[in-house]
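We use all heavy atoms of the structure for the numbers below, so side chains are in, but hydrogens, waters and symmetry mates are not. Since we're looking at a predicted model, the values are computed, not measured.
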Amino acid sequence: MSLKLYNTLNKRKEDFKPINPDHVTLYVCGPTVYNYAHVGNARPVVVFDLLVRLLRHDYKKVTYARNITDIDDKIIEAAQESGDAIADITEKYAGIYEADMAALNAGPPDLTPKATDYIAQMIGMTAALIEKGHAYEKDGHVMFSVLSMSNYGELSGRKLEDMIAGARVDVASYKNDAADFILWKPSNDDQPGWDSPWGRGRPGWHLECSCMIEDNFGKTIDIHGGGLDLIFPHHENEIAQSRCAHEGAPLANYWMHNGYLTVDGEKMSKSLGNFVTVHDLLEEFPGKGEAIRMCLLSAHYRQPVDFSRDGIKQAQRQLDRWYRLTDGVEAGEVPETILVALRDDLNTPKAIAELNALAKKAVNDDAAKKQLKAAANLFGVLEKEKREWFDATVDENAISENEIEKLIVERAEAKMNKDFSRSDEIRNQLSEQGISLLDGPDGTTWEKR
RNA sequence: GGCGCGGUGGCGGAAUGGCUACGCAGCGGAUUGCAAAUCCGUCUAUACCGGUUCGAUUCCGGUCCGCGCCUCCA
């Protein structure tokens with residue numbers, strides 16, 4: 001079965017046909033690096049990481065790019081507030097971002113272009129757009145002229161008249177039209193800037209993605225992704241810039257957008273203040289990044305996921321079980337059922353159901369165990385050793401393995417002497433320290449939990 | 001105001017014009033000195049009102065409720 005993807009452009013599931021069947025290209029909008037990423041920010045990262053894993057399974061070569069916005073007014077503000085240099089801030093948070101996402105088993109993309117490395121390209125595209133009559137300079141600003149484009153609004157399904165009519169935007173003096181957007185803006189002396197034909201300034205937000213794609217991939221890529229909230233204006237404006245700069249060539253053939261992470265039904269966002277950072281969550285659930293990942297994949301990617309600690313715990317238990325089943329097992333082939341589910345527009349809940357079916361089978365079937373391991377790995381979980389997974393819960397200094405083993409021996413003796421109050425006391429004592437004892441036919445083993 | 005999304009069991013969450021997955025929790029059983037873990041079994045749902053249909057949770061219309069975008073936002 002071939003891959004089907006829901007395309008925001010047509011609001012339909014479509015058969016995925018890459019431009020070059022041997023090389024799939026995809027670009028996902030990455031972070032603006034001025035503080036910690038929250039769980040909602042992590043959702044697209046995990047979703048598109050899974051997509052890339054699937055594409056890598058199905059295609060010879062995949063190139064995945066995710067940008068870093070390291071020039072932006074929010075970063076400038078953060079620098080002014082903290083007194084730190086902009087480069088220090090962006091480097092620090094880019095590093096934290098990469099580490100936090102890696103903890104969710106979302107490895108770095110093939111390409112991680114930074115906006116500040118594309119200033120020349122951005123100036124070039126801006127100049128080209130002016131030359132082609134799609135942009136104009138006014139009061140030191142270079143604006144994209146939305147009216148110069150016939151089909152502006154094709155991605156978000158908006159009509160220009162509607163936008164202008166319902167515009168809550170103040171029409172700035174440098175705009176010819178309320179819907180026009182910034183390609184290049186002037187910088188004050190205390191703001192970072194680069195020399196340009198329009199004076200010292202800095203790029204508008206939408207421009208970097210257009211230029212990075214052009215520079216790394218050419219005019220048209222296969223898949224462009226991001227969160228739902230990027231459809232308008234960000235992706236709409238990327239399309240406008242790129243199409244107008246490229247004689248109408250599409251920027252991407254497939255546009256994919258993940259739904260929101262919500263908290264009590266409301267979108268998790270920095271402005272609402274209802275966010276939890278991935279960083280904090282990893283401290284709260286040490287070593288359980290995979291559980292957070294599972295949690296984010298538990299609903300279909302276009303549906304909302306309501307964030308809760310309970311959801312993470314639930315995912316953790318599921319993983320506990322799969323880890324026990326696949327201890328020491330080598331990954332085999334990914335079974336077709338899982339692939340079919342994922343190729344159907346990344347139906348992760350269906351795939352998880354199949355994973356559970358496999359786990360049930362694996363109870364007394366070694367081949368199924370290998371399949372489970374392989375399928376889970378494709379999902380981006382079960383990438384650790386069982387011991388490592390369970391041990392992560394408790395901090396190392398709490399109790400040594402030696403002490404645990406000694407207590408187990410003591411408890412075994414107590415049990416032999418039918419001194420059950422002593423044996424239960426030992427079990428409870430260990431339990432309080434996060435150690436669970438498992439009495440099996442071959443003696444007692446333990447897990448941290 | 002414009003455009004859009006969604007309402008499935010105690011909870012999470014798929015799918016489908018006819019029999020509604022899967023997980024968590026619960027319950028019963030096996031196992032256990034008792035537990036834990038594991039295994040087996042099991043209860044509970046398609047917001048409301050109409051329409052189309054032999055038959056709708058699924059298609060259509062309306063109502064109510066929740067949410068989102070239109071401004072930075074994953």
Determine the contact category for A/Gly265: base if any of its heavy atoms lies under 4.0 Å from a base atom, sugar-phosphate if only primed atoms, P, OP1 or OP2 are that close, otherwise nothing. sugar-phosphate

For the P atoms, the ones on B/C27 and on B/A35, what distance do you get once it is rounded to whole angstrom? 13 Å

Indicate, with a heavy-atom threshold strictly under 4.0 Å, whether A/Leu437 touches base, sugar-phosphate, or nothing. base

With no angle test and no hydrogens, is the base of B/A35 tied to the side chain of A/Asp424 by a donor-acceptor pair under 3.5 Å? no

Residues in contact with RNA chain B, drawn from residues 409-418 of chain A - heavy-atom cutoff 4.0 Å: A/Arg411, A/Lys415

Hey, what do you get for CG (A/Leu296) to CG (A/Asp49), rounding to the nearest 0.5 Å? 11.5 Å

Please state whether the base of B/C34 and the side chain of A/Arg427 form at least one donor-acceptor pair under 3.5 Å? yes

Of A/Gly157 and A/Met268, whose closest RNA chain B nucleotide lies nearer the 5' terminus? A/Gly157

Decide if the gap between the ring center of A/Phe217 and the ring center of A/Tyr27 is smaller than 6.0 angstrom. no

Rounded to whole Å, CZ of A/Arg302 lies from C1' of B/A74 at a distance of 17 Å

Would you please confirm or rule out a distance under 4.0 Å between OP1 or OP2 of B/C69 and any side-chain N or O of A/Lys267? yes

Counting a pair only when it is Watson-Crick or G-U and both distances are under 3.5 Å, which runs of at least 3 such pairs involve RNA chain B? B:1-7 with B:64-70, B:10-12 with B:22-24, B:26-30 with B:38-42, B:47-51 with B:59-63

Find the distance A/Tyr260:OH to B/C67:C1' and express it as a whole number of Å. 10 Å

Under a 3.5 Å threshold, yes or no: a donor from one side chain and an acceptor from the other, between A/Ser242 and A/Ser210? yes

With heavy atoms under 4.0 Å as the rule, sort A/Gly259 into base, sugar-phosphate or nothing. base

Per the ring pair (Phe, Tyr, Trp, His ring centres under 6.0 Å) rule, what does the pair list look like for residues 252-273 of chain A, sequence neighbours excluded? A/Phe16-A/Tyr254, A/His224-A/Trp255, A/His235-A/Trp255, A/His235-A/His257

side-chain contact (heavy atoms from CB on, under 4.5 Å) with A/Lys138: which residues, sequence neighbours excluded? A/Tyr136, A/Tyr174, A/Asn176

Treat primed atoms plus P, OP1 and OP2 as sugar-phosphate and everything else as base, then score nucleotides 15-29 of chain B 5' to 3': B for base contact with protein heavy atoms under 4.0 Å, S for sugar-phosphate contact only, - for none. S-----BSBSS----

Within 45° of the axis and under 6.0 Å from the centre of the six-membered ring of A/Tyr6, does NZ or CZ of A/Arg302 qualify? yes

Between B/A37 atom C1' and A/Asp327 atom CG, what is the distance in whole Å? 14 Å

Qualifying side-chain hydrogen bond (donor to acceptor under 3.5 Å, both in side chains) pairs with a residue from residues 361-376 of chain A, counting only residues at least two apart or across chains: none

Sub-3.5 Å donor-acceptor pair from the side chain of A/Glu290 to the main-chain atoms of A/Leu382, do we have one? yes

Check the distance between B/C34's P and A/Ile426's CD1 and give it to me in whole angstrom. 18 Å

Between the CG atom in A/Leu207 and the CZ atom in A/Arg202, the distance rounded to the nearest 0.5 Å is 13.5 Å

Tell me if the side-chain of A/Asp229 makes a donor-acceptor pair with the base of B/G68, cut-off 3.5 Å, by modelled atom types. no

